[in-house]
Amino acid sequence: MCGVFGVCGYEEAALSCIHGLYYLQHRGEKQWGICTTYDNKPDRFNLIKRNGKVEATEYDILKLQGNIAIGHVRYPTAGPADLDNAQPHVVLDPPLMYCANGDIVNYNEVREVLEKKGVYFASRNDGELEAKYLAYLIQRGKTPIEAIAEMMNNIQGAFSAILVYKGKMYAFRDRMGIRPIVFGMRQRNSHKSWIVSSETCGLDVIKARFIREIKPAEVVVFEQNREPVSYDLSDRIKNPPKHYSHCVFECIYFARPESTIFDLSVYRFRKLLGAYLSRQMGIKSDNNSIVGSVPDSSNVAALGFHQESGIPLEFMLIRHHSTGRTFIASKDEREEKARLKYNPVRTVIKGKDVYVVDDSIVRGTTSRKIVRMLKNAGAKTVNLCISSPPIRHPCFYGIDTPTESELIASRKRLFYVEKIREFVEADRLEYLSLENLKNTIRELGQNPEDFCFACMDGKYPTKTPRYKKSSAGGHGK
Ligand code: SF4
């Protein structure tokens, strides 16, 4: 998973980009980068890439001159976490800069074709492949829109991307709209600048007004002080899909709760998940029960659970914020982080029947640590309430769900919920049903058929690669 951010038509574009990336930090903590240019000097680029979280120095800001900037935060789903694989990518002939979020599934095939035509690659990163593919087509006389249409037809999977070429910023998205991408506008007097972000929280932080989501198979072209121009490429797509495939896991876990993605409020979505889960469990308030979240991504679902059930809501686990997200850490880091990340509030927990709401169980090890932690803090019973269905299949579109052999709901196939309950040592374990997840989408006015649930039901919206990417040597963001 990654985050992209773009600014077009603002003298301090890099500074706005840095602020936007701060608010997309939850989408990637391993590397970040920014590239700037001027619309009247479109072949000159200033690029920085760094390891770790977004932290720009004064020197970086001085270097990053320009009125167009694009930026990227990276969470490597495969391939090495090095700076060659970090984004944005720059191509010098023709001069363009590019960054994207999402994984493509036919990376090897497309790369082989391009390599036979003499295209050189410095990394195993999907973004580099896409940038070089577009450069190759533009160099052979295609317009950027024609090049994007051809690329959309030939690469499969997820990409929400920003291209800058000849002083214009092009934001576009794959035909299924798997990953989110939105745009907004900031006005100072009569001067308009345009902002593109993976989520609306990136717009909020720089006081840009959210305009709308970029549609699947749409390209929106931005120029300073001009209204954006939209190109709907769906009629140029071969075999267009009947439905979109928005990643439901973005709404459950990945996006920030204040964001609007896929035209849904993430906050309202998570609150409803909690309410549906509480109804599904059929529990009522009593004198000894409390409900709480595994902070932070489950906070809103726990609130919905509390409001529906009437069980008092308590902050029973306090999170240490400098440890980062456990889901996007390596295996060794994850073990260590789970131990350091949470501290229980003993005075709240002691003697209580605890309902602890979490958004998902992936490997089960973090959940077991949390259950043990609550029991050690004196909980009478620990009831684990998961606001998503079991994750049983890998993701090929940019979220690092591991191989099936590592997924606990996949490993423990027979009577798996009971076996997982035993493994995590909870007194009760309940997952939200897939039907209630779909009911949540319906209740918010959308069609579940426009969402991807493949990591839960195994129904992938594209062909999948024969291999499952491993954390070493694969490709990805
Ligand atoms: S497989 Fe799961 S994580 Fe991947 S895009 Fe689909 S819903 Fe999202």
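Being a predicted model, the structure only gives us computed values, none of them experimental. Both counts, for ligands and for their atoms, begin at 1 and track the order of listing.
With sequence neighbours excluded, the residues that form a salt bridge (charged side-chain N to carboxylate O under 4.0 Å, His left out) with E112 are K116. H246 is linked by a ring-ring contact (aromatic ring centres under 6.0 Å, His included) to Y244, F262, F451, counting only residues two or more places apart in sequence or in another chain. Applying the salt bridge (charged side-chain N to carboxylate O under 4.0 Å, His left out) criterion to E258, with sequence neighbours excluded, gives R256.
Only protein N, O or S atoms were considered, and those under 2.8 Å from atom 8 (Fe) of ligand 1 are C247 SG.
Ligand 1 has no atom lying under 4.0 Å from any heavy atom of M456.
Residue-ligand proximity, R179 to ligand 1, at heavy-atom distances under 4.0 Å covers atoms 5 (S).
You'll find the side chain of D82 stays beyond 4.5 Å of the side chain of K30, heavy atoms only.
Annotation: cation-pi geometry satisfied between R279 and Y276 (NZ/CZ under 6.0 angstrom from ring centroid, within 45° of ring axis). Figure legend: R368 and F423 shown as a cation-pi pair, the cationic atom lying under 6.0 angstrom from the six-membered ring centre and within 45 degrees of its axis.
Atom CZ of R50 is surrounded by more than 12 heavy atoms from other residues, nucleotides or ligands within 6.0 Å.
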